[in-house]
Structures are given as C-alpha cells and as structure tokens.
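Only one structure is covered here, and it is reproduced in the block below.
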Amino acid sequence: MQTFSIAIHGGAGTILKEDMTPELEKAYLQGLQDAVDAGYAVLEQEGSAVNAVKAAIVVLEDNMLFNAGRGSVFTKKGVQEMDAAIMDGADLSAGAVAGIRNVRNPIELATEVMRNSNHVFLSGKGANDFAIKQGIKLEPEEYFYSQFRYDQWKAIRDSDNYSLDHTHHQIEELMRDKKFGTVGAVACDAKGNIAAATSTGGMTNKKYGRIGDSPIIGSGTYANNHTCAISCTGHGELFIRSVAAYDVSCLMEYKGMSLAEAMNEVVHKKLIAIGGEGGMIGVDAQGNYALIFNSAGMYRAARKSTGESEINIYL
Ligand code: ASP
C-alpha cells in the first residue's frame with residue numbers, strides 16, 4: 001500500500017499567542033485534532049481522498065469555533081452566507097456553491113453538485129433550491145448563530161469596514177480578540193488519488209454578494225492527481241487574482257518543482273508581491289504534504305501513514 005496522508009487548516013491571519021487564552025487554544029487544538037482524525041480514519045479504512053476531506057470538513061463546519069457552517073460570520077445584512085468547494089484529483093471533477101444559507105454542511109452540498117448535477121458551480125437561491133431537491137440537511141438561522149460572531153459584526157456593521165477572520169482591516173484594535181477561521185482539507189489516499197475541499201462563511205460585514213476564493217476552482221481549491229491538491233485561506237481577493245491553487249499545480253507541472261517548492265513560491269513570493277496575506281495546505285500523489293503561510297499564524301494539522309503528524313497554530 002502506498003503512503004496516505006491528510007492535512008487540514010482552520011484559517012490563517014494575525015493569530016498571536018498573546019491574544020489567546022489557554023482554554024481557547026485548547027479548544028482550537030481539539031477541534032483540529034478531531035477533524036484530522038475523522039479524515040484519517042476514512043483513509044485508514046481505505047476510503048477515498050474525496051470522502052476523507054469531506055469527513056474532516058464536516059467536523060470543522062459543525063464546530064462553532066471555525067468560520068464555516070455553524071458559527072459562520074455575519075454579512076452586512078446580518079445573515080450568514082456560506083461558500084464551499086470540493087475537487088477530485090482523479091478525474092478533475094469538482095463541485096462548488098456560493099452565497100448559500102441554512103445548509104448545515106455546505107461541503108455536502110458542494111459534493112452533491114460534483115456528483116449529481118451537470119454543473120460545477122451553483123450560487124444563492126438556485127443552490128438552495130438544489131439542496132432542497134437533493135434532500136441536503138437544512139437548519140434554521142439560530143443554528144448558525146454564535147454570540148462572538150454577532151459581537152464581531154455589531155462592532156463594524158454601521159461602517160463600510162469588512163473583516164477577514166484573522167486579519168482585521170482598519171479595526172485591528174476592536175477585533176484583536178476575535179480570531180476565527182475558514183476551513184480546508186487535502187488528502188492523498190492509499191490508491192494515490194488526491195482531493196481538496198474548502199468551506200467558509202467569508203468575511204464579516206461582506207456585502208453586494210461578495211464571494212472570496214474558497215469556492216473558486218483554481219483559486220482557493222484545486223486537485224489534480226498529476227500535481228497536487230491545494231486548499232487556501234487568507235485575503236480571498238488576492239488569492240483570486242493570483243489563481244493561487246492552480247498556480248502551485250502549474251509550477252509543478254511546467255517547471256518540475258516539488259510540492260513544497262511550488263507552494264513556497266506562491267505564498268512567499270507571488271502573493272506577497274501583491275499584498276496577499278494568508279496560507280495554504282497541499283498534498284501530492286506520493287502522500288507528501290506541506291503547510292505554508294505568510295501570516296502570523298495558521299490553524300493547521302496533518303497526519304501521514306508513515307507516522308508523521310503535526311498540529312499547530314502559530315509560526
Ligand atoms: N479566503 C476566505 C475568503 O476570502 C477567507 C479566509 O480564508 O479566512 O472568503
């Protein structure tokens with residue numbers, strides 16, 4: 001059997017140890033551990049990379065601490081609009097949803113789009129109609145509500161400011177204690193197939209139907225057995241302009257770079273050149289993984305069948 005592995009993230013940004021209480025840090029690490037274990041269990045039972053990344057993401061979406069599914073951030077209008085994408089590196093099939101509401105696990109809906117529609121990307125009400133037709137689990141608004149997200153939004157809702165989960169534009173002081181996260185997972189299974197998935201509530205106080213990089217195939221999420229599976233987190237607009245996830249794949253395909261070399265090039269050179277703060281996780285079809293970021297921290301964890309594992313928050 002070949003090496004299999006999984007890596008996950010819970011968002012990147014200005015995540016500093018001095019801003020964290022021991023209890024909160026413990027809760028984040030537990031959340032990451034639960035998710036990486038859920039994905040790894042699928043791989044251990046010879047499940048597919050797609051099912052492994054989905055299992056890990058569901059755990060993170062159900063965890064109130066992370067900005068995806070339950071506990072998603074509030075938009076300017078005071079509601080939660082979520083984005084998610086999944087891609088199978090074996091055949092380049094992909095599914096994505098944007099601006100959806102009330103869907104308990106956006107990654108389930110993205111998977112349904114990938115497997116059971118003739119499309120790749122559905123948005124807004126149409127995507128919600130598709131969720132209902134496919135029997136995807138819905139929840140009332142209250143399910144997604146969390147007091148700290150509400151407070152985070154209340155602090156800026158009357159302004160034109162918007163806020164990334166971990167990096168707060170113009171409102172650094174106000175938001176210092178509020179660190180949350182977009183979530184992602186990448187995996188390589190025992191057959192050497194790889195997959196990527198990303199899920200997010202996006203930015204606090206976002207408006208005009210703003211959508212970030214997370215659900216955009218090639219920007220926030222990408223998988224191709226011949227190169228890599230990538231899930232990004234950070235300032236979405238810059239990741240879209242960089243076509244960040246696909247750029248890693250291109251550097252591997254056309255320049256012969258390794259996974260880590262290609263990710264370093266994109267995160268530490270290309271994104272920085274345009275002011276793109278954040279990070280990404282990746283695997284290749286040999287089971288190598290890398291966790292790379294240019295911000296102060298990134299919630300992250302990984303586990304490999306050779307026994308290697310890691311879990312960390314700060315630099
Ligand atoms: N990239 C996400 C977005 O722009 C946010 C994040 O990763 O924290 O929507």
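Whatever order the structure lists ligands and atoms in, that order sets their numbers, starting from 1. Here the structure is a predicted model, which means the values were calculated and not measured.
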Any side-chain donor paired with an acceptor under 3.5 Å for [X] and [Y]?
| X | Y | answer |
| --- | --- | --- |
| Asn225 | Asn193 | yes |
| Asn105 | Glu61 | yes |
| Thr227 | Glu253 | no |

A cation-pi test, strictly: NZ or CZ of Arg149 under 6.0 Å from the centre of the six-membered ring of Phe74 and no more than 45 degrees from its axis. Yes or no? no
Should the pair Arg70 and Phe144 be classed as cation-pi, given the thresholds of under 6.0 Å to the six-membered ring centre and 45° from the axis? no
Quick one: does Met298 get a heavy atom under 4.0 Å from ligand 1? no
Contact between Gly11 and ligand 1, counting heavy atoms under 4.0 Å? no
If the cut-off is 4.0 Å to any non-hydrogen atom of Thr182, which atoms of ligand 1 fall inside it? 2 (C), 5 (C), 6 (C), 7 (O), 8 (O)
Within 4.0 Å of some non-hydrogen atom of Thr233, the atoms of ligand 1 are 6 (C), 7 (O), 8 (O)
Of Met203, Met82, Arg210, Glu277, the one whose closest heavy atom lies nearest atom 3 (C) of ligand 1 is Arg210
Closest heavy-atom approach to atom 5 (C) of ligand 1 among Gly234, Ser295, Gly202, Ser214 is made by Gly234
Using a 4.5 Å cut-off on heavy atoms from C-beta on, say whether the side chain of Val53 contacts that of Ile86. yes
For ligand 1, indicate whether the residue Cys232 contacts it via side chain, backbone, both or neither (heavy-atom separation under 4.0 Å). neither
